[in-house]
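What follows is a short report on a single structure.
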Amino acid sequence: MIEAAGLVKAYGETRALDGVDLAVPAGSVFGLVGPNGAGKTTLLSILAGLRTPTGGTVTIGAGPSEVAVLPDTPRFDPWLTGREVVALAAALAGAPGGVEEALADAGLDEAAGRRVGGYSRGMLQRLGIAATVVGRPRVMLLDEPASALDPAGRREVLDLVRRSRGEATVVFSSHILADVQEVSDHLGILHRGRMLLQGEAGGLLEGRVEPAYVVRFRRGRDAAASALAALPWVQEAAPSGDLDLRVRVSSAAAAEEGLVAALASSGAAVVSIRPEAPSLEDLFLEVTS
């Protein structure tokens with residue numbers, strides 16, 4: 001649905017984007033992550049047609065009226081009511097229905113008749129979400145969509161993004177890596193204007209993050225940690241909380257064969273062993289450090 005090749009955006013001698021390639025499959029949820037200043041907002045703005053690239057090409061398989069954009073700090077004319085803002089967005093998208101439904105989904109049905117100038121930062125974020133989804137766009141570009149929301153609001157946004165999979169193509173940026181990992185089926189890591197890594201989320205995490213296990217003890221954790229640290233396939237055996245030991249290994253196959261035996265030899269009383277799911281945070285730190 002979205003393809004970019006060799007995207008460059010230069011401001012004088014500074015390159016906010018430096019040869020970015022991007023491929024977003026139709027119907028996917030593409031999570032875009034990167035440190036502050038990585039170029040995420042610049043990339044989303046170019047995809048939205050709000051900025052012109054210095055070089056490179058962008059192709060989007062949807063018409064302009066089928067692409068909706070949510071900026072990181074949405075702003076609206078303060079004299080309009082929330083309902084008028086969403087109705088205007090629906091009319092501009094050529095789909096003047098569903099206004100009340102969009103307001104309700106965003107949690108603004110009770111505040112829809114109030115002027116936007118009296119909205120809080122979180123309410124403006126919710127209003128931006130309602131204005132984004134009301135036209136049922138084929139492509140949604142969301143820049144930090146949950147940045148100003150409370151935990152309940154953040155959960156609602158994640159649920160909305162998850163529900164959109166298959167019906168729309170979603171590209172969204174966020175600093176909350178756990179949120180990105182939860183709802184994204186494709187990932188891209190942007191750093192200093194370059195796309196360091198992108199692809200299917202499961203494959204990236206499984207292929208790049210070293211496997212780890214969490215072992216819970218009744219007693220003998222320190223002795224077990226010392227015994228495990230001496231094994232060549234154990235990268236780290238670090239205490240976690242009062243009872244757990246996080247064991248990071250270089251080979252899942254070696255751990256499956258030797259972890260239980262090593263723990264038994266140490267004489268520790270083990271309550272449980274569970275594999276730890278690969279973490280986007282671990283992958284992010286690995287490729288950006």
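The number of heavy atoms from other shown groups lying within 6.0 Å of CD (E100) is above 12. Atom CZ of R155 has more than 12 heavy atoms from other residues, nucleotides or ligands within 6.0 Å. Open room surrounds CZ on R136; 12 or fewer heavy atoms of other groups in view lie less than 6.0 Å from it. The 12-atom threshold is not exceeded at CG of D242, counting heavy atoms of other residues, nucleotides or ligands nearer than 6.0 Å.
Hydrophobic clustering of Ile, Leu, Val, Met, Phe, Trp and Tyr side chains at less than 4.5 Å, counting indirect connections, unites M123 with W79. Follow the hydrophobic side-chain contacts under 4.5 Å out from V180 and you reach F284 in the same cluster. No chain of hydrophobic side-chain contacts below 4.5 Å, direct or via other Ile, Leu, Val, Met, Phe, Trp or Tyr residues, connects V134 to L70. Residues L142 and L124 are members of separate hydrophobic clusters, defined by side-chain heavy-atom contacts under 4.5 angstrom among Ile, Leu, Val, Met, Phe, Trp and Tyr. Hydrophobic clustering (ILVMFWY, side-chain heavy atoms < 4.5 Å, transitive): V157 and I176 are in distinct clusters.
In this structure a side-chain-to-backbone donor-acceptor pair under 3.5 Å is missing from R194 to G19. No donor-acceptor pair under 3.5 Å is formed between the side chain of R248 and the backbone N or O of A238. Using a distance-only test at 3.5 Å, with no hydrogens or angles considered, no donor-acceptor pair links the side chain of K40 to the main chain of F172. The closest donor-acceptor contact from the side chain of S28 to the backbone of V24 lies at 3.5 Å or more, if one exists at all. At least one donor-acceptor pair closer than 3.5 Å links the side chain of D185 to the backbone N or O of V29. Side-chain N or O atoms of S266 include none that pairs as donor or acceptor with a backbone N or O of A227 at under 3.5 Å. Within the 3.5 Å criterion, the main-chain N or O of G98 finds no donor-acceptor partner in the side chain of E101. A side-chain donor-acceptor contact under 3.5 Å links Q198 to the backbone of A23.
Residues P137 and A68 approach most closely at CG-CB, 3.6 Å, considering heavy atoms. Counting all heavy atoms, side chain and backbone alike, L158 lies closest to V183 at O-CG1, 3.8 Å. Heavy atoms only, all atoms of each residue included: A16 and T42 are closest at CB-OG1, 4.0 Å. Across all their heavy atoms, A131 and A89 have their closest contact at O-CB, 3.6 Å. Scanning both residues, A237 and P239, for their nearest heavy atoms gives O-CD, 4.1 Å. A pairwise comparison of heavy atoms in L108 and R126 identifies CD1-C, 3.7 Å as the closest pair.
Here the straight-line distance linking atom CZ of R246 with atom CD of E276 works out to 4.0 Å at 0.5 Å rounding. L187 CG to L177 CG: the interatomic distance, rounded to the nearest 0.5 Å, is 9.5 Å. Here the CG-CZ distance, from D244 to R221, works out to 7.5 Å after rounding to the nearest 0.5 Å. Rounded to the nearest 0.5 Å, atoms CG (L160) and OG1 (T132) are 9.0 Å apart. Rounding to the nearest 0.5 angstrom, the gap separating the OG1 atom in T57 from the CG atom in D21 is 8.5 Å. Once rounded to the nearest 0.5 Å, the distance linking CD of Q125 with CG of D72 reads 8.0 Å.
Shown here are the side-chain contact (heavy atoms from CB on, under 4.5 Å) partners of A178, two or more places apart in sequence or in another chain: there are none. Scanning for side-chain hydrogen bond (donor to acceptor under 3.5 Å, both in side chains) contacts around D105 gives an empty result, with sequence neighbours left out.
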Evaluation steps, side chain to side chain contact (heavy atoms under 4.5 Å, CB included), between I273 and L263 | CA-CA 10 Å; I273 304 172; L263 289 168; 3.6 Å; yes

Worked check of side chain to side chain contact (heavy atoms under 4.5 Å, CB included) between F217 and V270 = CA-CA 4 Å; F217 294 85; V270 176; 3.9 Å; yes

Applying salt bridge (Lys or Arg N to Asp or Glu O under 4.0 Å), run through E182 and R162 and close with a yes or a no.
-> CA-CA 9 Å; E182 179 182 340; R162 186 184 293 105; 2.6 Å; yes

Do L7 and L22 pass the side chain to side chain contact (heavy atoms under 4.5 Å, CB included) test, and can you show the C-alpha distance, the side-chain angles, and the key distance before you say yes or no?
-> CA-CA 9 Å; L7 276 186; L22 180 68; over 6 Å; no

Evaluation steps, side chain to side chain contact (heavy atoms under 4.5 Å, CB included), between L92 and L88 | CA-CA 6 Å; L92 291 173; L88 177 59; 4.1 Å; yes

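At least one side-chain heavy atom of E256 sits under 4.5 Å from a side-chain heavy atom of Y213. Between D77 and V116 there is no side-chain heavy-atom pair separated by less than 4.5 Å. P71 places none of its side-chain heavy atoms less than 4.5 Å from the side chain of D143. In this structure, the side chains of L149 and E156 stay at 4.5 Å or more apart for every pair of heavy atoms. Residues V234 and L259 form no side-chain contact, since every pair of their non-hydrogen atoms from C-beta on lies 4.5 Å or further apart. Side-chain contact between R192 and D18 is absent, with no heavy atoms from C-beta onward closer than 4.5 Å. In this structure, V8 and R15 have side chains that are in contact, with non-hydrogen atoms separated by less than 4.5 Å. Contact of the T169 side chain with the F30 side chain is not registered, since no non-hydrogen atoms from C-beta on lie closer than 4.5 Å.
Side-chain contact check for E144 and H175: at least one donor-acceptor pair (N or O, by modelled atom type) lies under 3.5 Å.
Paired with L197 under the rule side-chain contact (heavy atoms from CB on, under 4.5 Å), one option of L204, V33, L190 passes, and it is L204.
Cluster partners of V271 are absent, since no Ile, Leu, Val, Met, Phe, Trp or Tyr has side-chain heavy atoms less than 4.5 Å from it.
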